[in-house]
Amino acid sequence: MAPLKSLERQYPIIDSDFQNFCASHSIFSVEDFLIHDLYELTALAEPHPTSDRLKEGITQVLGIIDNQHQPWLNGMELLEDALRNKRFLSTGFEGFDLLLRGGFREGQLTELVGPSSSGKTQCCLQAAANVSVKHMGRVVYLDTGNAFSPQRIAHFMEQISDLHFKQAKDKILQKAMSSIVCHSVFDIFAMFDLLFQLECDLRSQIDNRDYLVRLLIVDSISSLITPVLGGIGSQGRALMISAGYLLKKLAHEHNIAVLVTNHTVGGDGGFCKPALGESWKSIPHVRLMLSRNHGSSICSVSILKHPAMASGKATEFVISEF
Amino acid sequence: MALEKGWIEGDESGKEMLLRVLSEWPPFLLLPPFHRLPLRVGNVVELVGPSLSAKTHILIQVAISCILPKEWNGVHYGGLGRLVMFLDLDCRFDVSCLAQLLKHRIIQANGSSSKVHSEQNDGGLWTCHAKKKSSIAYDEELFALCLRRFLYVRCYDSFEFLATLKTLHFRLQKEREACGISVHFLMIDSIGAFHWVDRACRPLPHEGNNRKSLSLQSVSETVVQEIRKLLLVHPMVVIATKAIIIGDKNSAKEVKWKLRKLSTPDITYVDNIKVILSMSHITSICLLSGSPRRFQSFVTHRIAIRPTGEHCAMGENKELSVYLSEWLLPPLKFSDKFAVLGDGTVILL
């Protein structure tokens, strides 16, 4: 947050006299104001000859602080925003959509959990194909294990678009393919870089309807986070939580559905449980467990956590072969 | 002189005060787990429990009881008709969930009142229908009125949380003037959400010798200080949820070690939590539960909730998860089992 010095030009009331007064109480930035008792500070300003000006300055800083938090909304405004901007994006699988009452929700962070080869990446690819063809939206795909397959996406797209004229079909597929952007990411810092860049782009092109990112996929987020976890320090967990909040912020502020995948580890009693531990549990809105028998194309999905549904509901869907 | 005398003389007798307080609104929330003790303004309640223990759901139900009016167009809703301030630190609040539950409560109240109505006018099928129709027409207005009483701010980090708290006093005052009613519940979901981020926040080199730096301790101290000040001017009940980790390998090990030292023969869940809480000053275990220590000393009521792993069936609802709530502070022996029905109603078992 801004040092007081830098605010002087914009707010003349924060002059050198005010800065000196604050410095004498070891306040140098707006951030320092946040952890100071402002009532006490006002009382301390009282005996000064310029107390009125000082108090005015404190009020000014309070006004600056008031702009540092998210807007204050009432339930009606929230609901209007949700109805207008937070739509469901079809997963591309009928049964899956029914279970989720429409699909992945914009504004929410959905986590797919499952052991290796349980269909997590296939779900991501199918969702990407579906969103680009049916919803005409852009898809940002962060690939951490070189698992992104354009051929597979093309295959899913062919199935979705039921056009018979080859030319029209090719045109649609080409447009859809070009709206999926894949980035290879191999560590959490590269992901932070990309996400901050995306946030910047989205903010500056907020009115450009062509650049509407609808879906953000991180496959898999656990392979980025697991290496920084562990050890006695809290830095790893801090990075994990920050990444979670950044994803949720992007999802909410820009109406993007965020889809991340997570692997499983052995838990108590031989049961599989999601990796990333307990602190991660509070991050996603929706957690889904995927499983698939070896060699079968039938994938089953069950709800581990959902804001509006009881956990335990399950369904099955078929992932099409090549 | 008369003024001073007025100060010395009591304003009212205890009986009068009790009558006044009780008539303003019943201090009991009929919703489990709050049905055991009355909650008064100034109380700070902490709901602790692992993930998936219906904490946010309970908050939403309490919020609905608060924003619904006591009576509206002759229909009894039994609410408080006050404002709710919801600080979302988890950033997972789903407004459609609140809207759906609120709609259900309104329809439920209308349904029960139209039933009474039809019983009074015997055989009046038409009257019943007409009454229902009229109440549904009023629904939208009441629905919007209630939702407007629900105030919400989301915070993505501790800076935003502090900035919100610092400016809350003025906003609450403004809302009170605008709506004519005041905020009754301040809800925080969940306290300790930024624990790990704040803990990893290393103080920068200081310019002044005694410059306070933004750290876990200074943040939680300021949070407590700000809420305490806020309660002086805005009488409210604070309800904060806190995610606690049960069954974590390390914490389980340390709890066992601690219990062995205490040589307690049988270990109950409450003991576990108590040990975790009491150990917070000697080990780092409180960090596992993500709880600002300063906030703990500030709490007046603490309730632990957890899923029991059992299931029960209720009418059409099969396989309902059963939750257990236990009072940790004040240390009462209350423990209740409850379930959340498919329509969101919380019922005692």
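Convention: sequence-line order gives letters A, B, ...; per-chain numbering from 1. Only this structure's heavy atoms are used, side chains among them; waters, hydrogens and symmetry mates stay out.
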For chain A, the option from [options] that forms the most heavy-atom pairs under 4.5 Å:
{"options": "B:Tyr152, B:Phe150, B:Tyr156", "answer": "B:Tyr156"}
{"options": "B:Arg148, B:Arg154, B:Glu226", "answer": "B:Arg154"}
{"options": "B:Leu98, B:Leu151, B:Ile67", "answer": "B:Leu151"}

Taking side chain as everything from C-beta outward and backbone as N, CA, C, O, which of these in [X] sits under 4.5 Å from a heavy atom of chain A? Side chain, backbone, both or neither.
{"X": "B:Cys97", "result": "side chain"}
{"X": "B:Ser321", "result": "neither"}
{"X": "B:Arg149", "result": "neither"}
{"X": "B:Ala99", "result": "side chain"}
{"X": "B:Phe194", "result": "side chain"}
{"X": "B:Phe86", "result": "neither"}
{"X": "B:Asp90", "result": "both"}

Point-to-point distance, once rounded to the nearest 0.5 Å, from CE of A:Met240 to CD1 of A:Ile283: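 That separation rounds to 7.0 Å.
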Candidate pair A:Asp81 and A:Lys86, rule salt bridge (Lys or Arg N to Asp or Glu O under 4.0 Å), full reasoning: CA-CA 7 Å; A:Asp81 171 62; A:Lys86 309 284 191 282; 3.0 Å; yes
Assess the residue pair A:Lys55 and A:Glu46 against the criterion (salt bridge (Lys or Arg N to Asp or Glu O under 4.0 Å)); give the C-alpha distance rounded to whole Å, side-chain angles, the decisive distance to 0.1 Å, and a yes or no. CA-CA 8 Å; A:Lys55 277 188 221 163; A:Glu46 202 64 64; 3.0 Å; yes
Measuring heavy-atom distances to chain B, does [X] have an atom under 4.5 Å in its side chain, in its backbone, in both, or in neither?
{"X": "A:Phe33", "result": "backbone"}
{"X": "A:Ala308", "result": "both"}
{"X": "A:Gln108", "result": "side chain"}
{"X": "A:Leu304", "result": "backbone"}
{"X": "A:Pro71", "result": "backbone"}

Is the CD atom of A:Gln70 crowded by more than 12 outside heavy atoms at less than 6.0 Å?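 Result for CD/A:Gln70: enclosed.
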side-chain contact (heavy atoms from CB on, under 4.5 Å), paired with A:Leu216, selected from A:Leu259, A:Leu195, A:Val260: A:Leu195
Give a yes or no on whether the ring-centroid distance for B:His234 and B:His169 is below 6.0 angstrom. yes
Test side chain to side chain contact (heavy atoms under 4.5 Å, CB included) applied to B:Gln225 and B:Glu221, step by step: CA-CA 6 Å; B:Gln225 193 185 58; B:Glu221 263 170 26; over 6 Å; no
Under a plain distance cut-off of 3.5 Å, with no hydrogens placed, do [Y] and [X] share a side-chain donor-acceptor pair?
{"X": "A:Arg287", "Y": "A:Thr110", "result": "no"}
{"X": "A:Arg237", "Y": "A:Ser279", "result": "yes"}
{"X": "A:Gln235", "Y": "B:Trp196", "result": "no"}

In terms of heavy-atom pairs under 4.5 Å, which option from A:Leu109, A:Leu73, A:Ile65 contacts chain B the most? A:Leu73
If you tally heavy-atom pairs under 4.5 Å against chain B, which of A:Arg105, A:Glu77, A:His252, A:Met309 wins?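 Ranked by contacts with chain B, first place is A:His252.
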Counting C-beta onward and ignoring hydrogens, is there a side-chain heavy-atom pair between A:Leu7 and A:Val30 closer than 4.5 Å? yes
